[in-house]
Structures are given as C-alpha cells and as structure tokens.
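Read the structure below first, then the notes.
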Amino acid sequence: MEDHPPLPNLESACSDIKTLIKSSQNLQAHLQKHDENFNTLQESLTVASRRLAPLQSLSIASKALETRINRAVSPALVLIDGFKISESLQRKLIDISTKLSVQKSENKRLRLLIKYVDCVDKLNIAINLISQEGGPAIQRLQEVVEFFSRTKATDQFRTHRLRETLVTLKALYETEVESMKFDGLLDEALLNLQDEFEGILLQLRHHNIGVQVEDHGGDDGGEVADVTELGTEMEVEVLRRISETLTANDCLDICIDIFVKVRYKRAAKTLMQLNPDYLRTYKPEEIDKLEWESLETSITLWTQHFELAVRTVFVSEKNLCNQVLGNIMDGMVWQECFVKIADKIMAVFFRFGEGVARSNKEPQKLFKLLDMFNSLENLKTEFYDIFEGEAGADICTRFRELEKLLVHASTKVYWEFGLQIEGNQDGLPPPQDGSVPKLVRYTINYLKYLTTENYTDPMAHVLRTEQIWKAGVLSTRESDENLLKDAVLNVMEALHRNIESKRSGYKDKVLYHVFTMNTYWYIYMRTRNSELGKLLGEGYMRKNYKVVAEEAAYLYEKQAWGGLVRLLDKQDVSEGGDAKGKIEMFLKGFEEVAQRHTSRYSIPDADLREQIKEATVKLIVPAYSDFLDAFSSVLDVKSYSSPKSIEGLLGQIFSGNDRKSLIGSRRQEIKDRFEGRNSVSSDPMDSC
C-alpha cells in the first residue's frame, strides 16, 4: 500500500463513476417517460385545437360585425343628436322672436337680438353638422346592411328592420336638411336679421350738421366740428354680429347691398339738410349764365360743404363700415363698401367743381378758384387717408384731376387778366376829367387782395405747380415769393402800358399831366404800407410811380399856371396902361383856367389836391401880390381882387366840393368890379 499510494483514490473515483452512471440511467428512464407524456398531451391539444377552431372563427366574425355596427351606429347617433339640438334651437328662436315682436325698449331689444343672433349661429352650426355627418352616417349604415345581406351574419328579420331604418333615415336626411337650410326656420330667421340690420342702420344719423355750417358760415377757414360716432356700442355690436351671421349663411351680397343702400341714403339725406341746390347747376355753360353774386355764394358753400362731407360725414361713415364689416373676409370688404357709399356723393361735388373750373375765365373768379384749390390742398392728406387703398383709387384720381383743373383755371384767369389790361379791353376812352380810370382802381385793388395773407400761399402754390408742369420736376425752382412777385410785376407792367396808351390819347396837355399825376399817385398811395407794396418793394414803387406822379405834378403847374405867372412879369411894364392891361389879362386868364378846372379837370385824392393847391398858391399869390404892390401908384388896387381873394378862389378850385357854382359867383363879382357896378369899397373875399 505504501508502494502504491494513489490506489485508494482510484477506487473512490471508480465508485463515484458507477454512481453517476446509475443516476444517468435513472434520468434516461424518466426522460423517456416524460416524452411519452408530452406526446400524449400534444395529441390531446391537437384534438382540442381542432374542436376550438370554429369558435375562434365565430369570435373573429363577431368582432368584425361589432366594428361595422359601431362604425354605422356612432355617426347615426351624432346625426340624431344634431336633429335634437336643431329642434331645441328652433323652439328657442321662436320664443326670442315672440319677445322681440312685443319689446319696446331699445336696449332690451338689442340684448334680445344678441341672443337671437347667438341662437341663429348655433342653429346654423347644428344644421351644418347634420348636413356634414348625414351623408357618411347613411353610407356606413348602408354598408352594414349590405354586409348582413351578403354574409348572413344575422337573421333575415333583423336585416329587414335595419334596411327599413336605413331607408327612413335617408329620406329624412334628403328632405329635412334641405328644408332646414333653405325653407325652414333658419331661412326665416335670416330674413328677420336682414330687416333688423336695415332698421338699425336707418336709425344711425349724423347730428347737428346744419348747425356746424352755420357756426362756421362766416369763416372759410373755420374748423369743422369733431367727428361723432354713429350709434352706441351696443348698436354697433349688434350690427357687427348680424353682418357676420349673414356672411356665414351665404348672405354676404345681401348684407353689403343693405348696408350700402341704407348708409348712402342716410349720408345723402344728411348733406341735403344743407340745401345744396347749387349742385344742380354744374355744366360750364350753365355756370356762365349765373349772376356773379349767386356763383360766388355757391362756390363759398361748395368749399364749406365739401370739407364738411369729407371731414365729418365720410369719416363717420368709414368708421361705421370698419366697425360693422371690418372682420368679414379678413377686412377685404369694408373699404369697398365705404367707397360705394361715398362715390355718388363725391361725384356730385366733383362735377360742380369741374364745371366752375371749365367755365369762362373771368378775372373775379380767380379768388374763388383759389379758395377751392386751397380747400382741396388743406384736405388732401385727410382725403387720401380716408379713401386709401385700391378701393378709393378712382375717387383719389378724380380729386387730383379737379386740383389740376383748378390750377389751370387759376393761372389762365390771372394771365388773361394781364392780357386784357395790356390790350385795353375795357373798351373805354381815357377819363375826360383826368381822373383815375376804373381799370386802374380795379387792378390795384385786385392785386392788393391777391397779396393778402389768405391768397398769397395758394397763388404761389398754383404758380409753382404751373412752373413744374412747364419746366419739369427737375427744373430749378424759384421761391414762392419770387414767383408771386414776378407774376404781380407782369400785371403791373401791363397796367403801366395801358396807362401810357390811355394818356397818349389826350390832346389837352394840362389834362395829360393831370391824368398822369392822378393815376400814378393813386397807385403809389394805394400800395404803400400794403402787402402788395412790400412785395414789390418801396424802391420800385417810388421809382416807377411816386417820382412819375411828382414830375407830372410839376409839369401840370408849369402848363396850367405858368402862363399866368409870366403875365405878371414886371420887366415888360413901362407905364400905367401896360400894368392895367397885364392885370386884366391875368384876371381873364385866371378865370379861364379856373373854368377849365371846374369843368374839365379833376384831382380826386384829397391829399394830392391839397398839395397841388399849396403849390399853386405859392406860385400865383406872391407873384400877383408883388405886381399889385409894384404898380400900386398907377393902378386902382381896390378895383381888383386882393391877393387874399385869389388865394381863397384857389382854395375853392381845389376844395373838391361843388366848385362850379362857387367859382361862377366869384367870376360875376370880378366882372362887376371891372364894370364899376359894385359900390362896395372892400373886397368880400377879405372876409372869407
């Protein structure tokens, strides 16, 4: 054992191997037994599976049938619920309609209308739901009936009942839905809403329009009163809800027609309160027949009414359009509706303005044409804002065309006025007494009025616009003041040529100078310290008018009275007879000159007349007094008028009163002195 130590280990391992082999044999026996059991179980399952196969098919068929039934029944239930809701809403509509018919309170009626509109909206939704769901529900129900008929999934009795239900539901859908949409209570409710829509629109009026015109009637530049909102918040809300409901029910065209028709009539009626009868006369030939006072009044009213229509009536109407129709079609409708309301009314205003602009170009029309143009210019920004977008493009175009016509008419009137002056188209000869011609007075007052604050800017704007038309946008622009100054100078030069033409027609040299002195002095004095004088400049007025008038006054003195002064030259007198002859010639000549002054010469300006009198007195009286003093020894001085009498007579000549009768009495008195018939030793003129 000691020589073989591993032997016990080998014996032990051999024993373990035997035990393991025995266990494996036992396990093999058990596995064989389990295999036999498994085979037996498999055979049993196979038999069971064969027996359960028909039940499984039946279960699948039942599930398929359940799915088809549910697909058909669910929409049918929704359709039935829709009919129930529709019926309930129709009863509610009838109830609200009954209350509306007897309700007198405006606020309560408006609140009821809100409920009425809500109910109509819900009814429309319910009917649309029925319309949308009815077709698919019937289709699916029909599919189930066909399935039952084809598969025999249920008995014949149930299939027949289901088919009858399908026929009934289909007939109900085809008849009731169309009736509910077009002939039922919904259609009646929509008609009622149209009537309510029109009624509320008619109630919304513009207030105090006539009062606004009266308040600003005397002031062309007066501001128009603030825009007033048309309708209360509740009224506007009801109108908005009705318009949206009508649109949702395919009644948009009807809604727009009602809105435009009613609001046009209301706006037109509002403006008719201003009695714009002048708008009926709009053709140029008709306007030419009007009396100037009537046309002037009409144009003044036109500017006031046009401004009122744009800033008040149309702004209010536009706001109402936006509030009521602004949400329809994403805001694509309301601006077009507003333009439709305003278009016909604006056309009448444009028509009159165009008629005035195309009528005869008479000088007095210039200021009214400028009033019209200035009114449009002041409104231009607001006008384009009101009639913005594509919808208002045509109205804005006509607005611009009217402005162009007024620019053309204004400039043509002005330039033709200058041509008329230069061409002496008044057709009148020069004044026989040398006074200022009416044409000169008219022209100076015309230009003075043109250069006042009210017309300086409009006239300059018109001239600048005309310059751009002729020279182009890129041309060098003159200042407004220079443009106006050049235009005024053009007429002043035409007037100067007219005056020169007229005075050349005088054969009487004294009358020639009287006319020149009167006319140029008048022009200078009437323009001095005026906007016209400031525009032309004092230097220009002095050089061309004051200096000319002063030169004419000097020549007048020389021509009218210089000859008399020369008769009193003492150097040519050698004896008493010569002195007496000279004094008598002087008095006779004085009488003739005085007679011409009373019958032929006129100096209307009091200041000029006084200056001429003083100059004449200084020229005549000292020379006459010196002559009497120089020959007092050979003359019976008391037999002749005293220097003071001569001065008084000159005062009467230049008094501007009824000089003819006064001077006639003085002439008779002088004649009496020569004939010795007057026994009074003192001269009556000494007491004057």
Side-chain angles (χ1 to χ4, degrees), residues 106-107 110 113-114 117 193 196-213 215-216 222-247 252 255-274 304-349 378-396 399:
E106 190 63 31
N107 288 332
L110 292 173
L113 276 173
I114 291 290
V117 172
L193 287 180
E196 293 290 346
F197 191 65
E198 182 175 359
I200 297 174
L201 287 172
L202 281 170
Q203 293 175 11
L204 307 185
R205 303 183 180 185
H206 300 270
H207 299 289
N208 302 323
I209 294 296
V211 174
Q212 293 179 30
V213 173
D215 290 343
H216 299 92
E223 295 183 357
V224 178
D226 294 336
V227 178
T228 56
E229 294 294 334
L230 294 172
T232 63
E233 291 185 8
M234 179 64 75
E235 287 173 327
V236 172
E237 176 66 15
V238 171
L239 289 171
R240 183 186 65 80
R241 292 290 305 278
I242 291 177
S243 68
E244 292 174 357
T245 298
L246 292 175
T247 302
L252 177 59
C255 176
I256 291 174
D257 287 343
I258 293 173
F259 191 94
V260 171
K261 178 187 70 175
V262 173
R263 292 319 305 169
Y264 165 73
K265 288 182 178 179
R266 183 54 66 197
K269 190 172 182 179
T270 296
L271 293 172
M272 287 302 294
Q273 295 176 13
L274 306 176
Q304 294 174 358
H305 294 171
F306 189 91
E307 181 179 358
L308 183 69
V310 172
R311 288 182 169 169
T312 301
V313 176
F314 290 147
V315 171
S316 297
E317 292 294 342
K318 183 178 181 180
N319 290 341
L320 182 64
C321 276
N322 188 15
Q323 291 169 337
V324 175
L325 306 175
N327 294 334
I328 296 175
M329 294 181 65
D330 297 326
M332 300 290 291
V333 172
W334 72 271
Q335 287 186 329
E336 185 176 348
C337 291
F338 165 66
V339 170
K340 287 181 179 180
I341 294 169
D343 184 57
K344 292 182 180 179
I345 298 174
M346 290 306 306
V348 176
F349 279 106
N378 292 335
L379 283 172
K380 180 183 288 186
T381 302
E382 296 172 69
F383 192 91
Y384 289 164
D385 287 342
I386 293 170
F387 296 100
E388 61 184 340
E390 184 179 353
D394 290 341
I395 290 182
C396 290
F399 182 90

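Note: Ile395 CD1 to Phe387 CZ = 4.5 Å, rounded to the nearest 0.5 Å. Distance check: Leu113 CG to Leu239 CG gives 9.5 Å after rounding to the nearest 0.5 Å. With rounding to the nearest 0.5 Å, the separation of NZ in Lys318 from CD in Gln335 is 6.0 Å.
Using cut-offs of 30° and 60° on the angle between ring planes, the pair Phe306 and Phe383 is parallel.
A 6.0 Å sphere centred on CD of Glu336 holds no more than 12 heavy atoms belonging to other residues, nucleotides or ligands. By the neighbour-count criterion of 12 heavy atoms within 6.0 Å, atom NZ of Lys269 is sparsely surrounded, having that number or fewer from other residues, nucleotides or ligands.
Considering all non-hydrogen atoms of both residues, Ile242 and Leu193 come closest at CG2-O, 3.7 Å. The shortest non-hydrogen separation linking Val260 to Cys337 is CG2-O, 3.9 Å. Nearest heavy-atom pair, Leu325 versus Cys255, reported as atom, atom and distance to 0.1 Å: CD2-SG, 4.2 Å. Cys321 and Trp334 get closest at one heavy-atom pair: O-CB, 3.6 Å.
Glu235 pairs in a side-chain contact (heavy atoms from CB on, under 4.5 Å) with only one of the listed residues (Leu204, Leu201, Leu320), which is Leu204.
Side-chain atoms of Leu202 and Glu198, non-hydrogen and from C-beta on, do get closer than 4.5 Å to each other. Val310 places none of its side-chain heavy atoms less than 4.5 Å from the side chain of Phe349. A heavy-atom distance below 4.5 Å is not found between the side chains of Leu271 and His305.
Here salt bridge (Lys or Arg N to Asp or Glu O under 4.0 Å) pairs that include residues 319-330, with residues two or more places apart or in two chains, number zero.
Qualifying side chain to side chain donor-acceptor pair (under 3.5 Å) partners for Arg266, counting only residues two or more places apart in sequence or in other chains: none.
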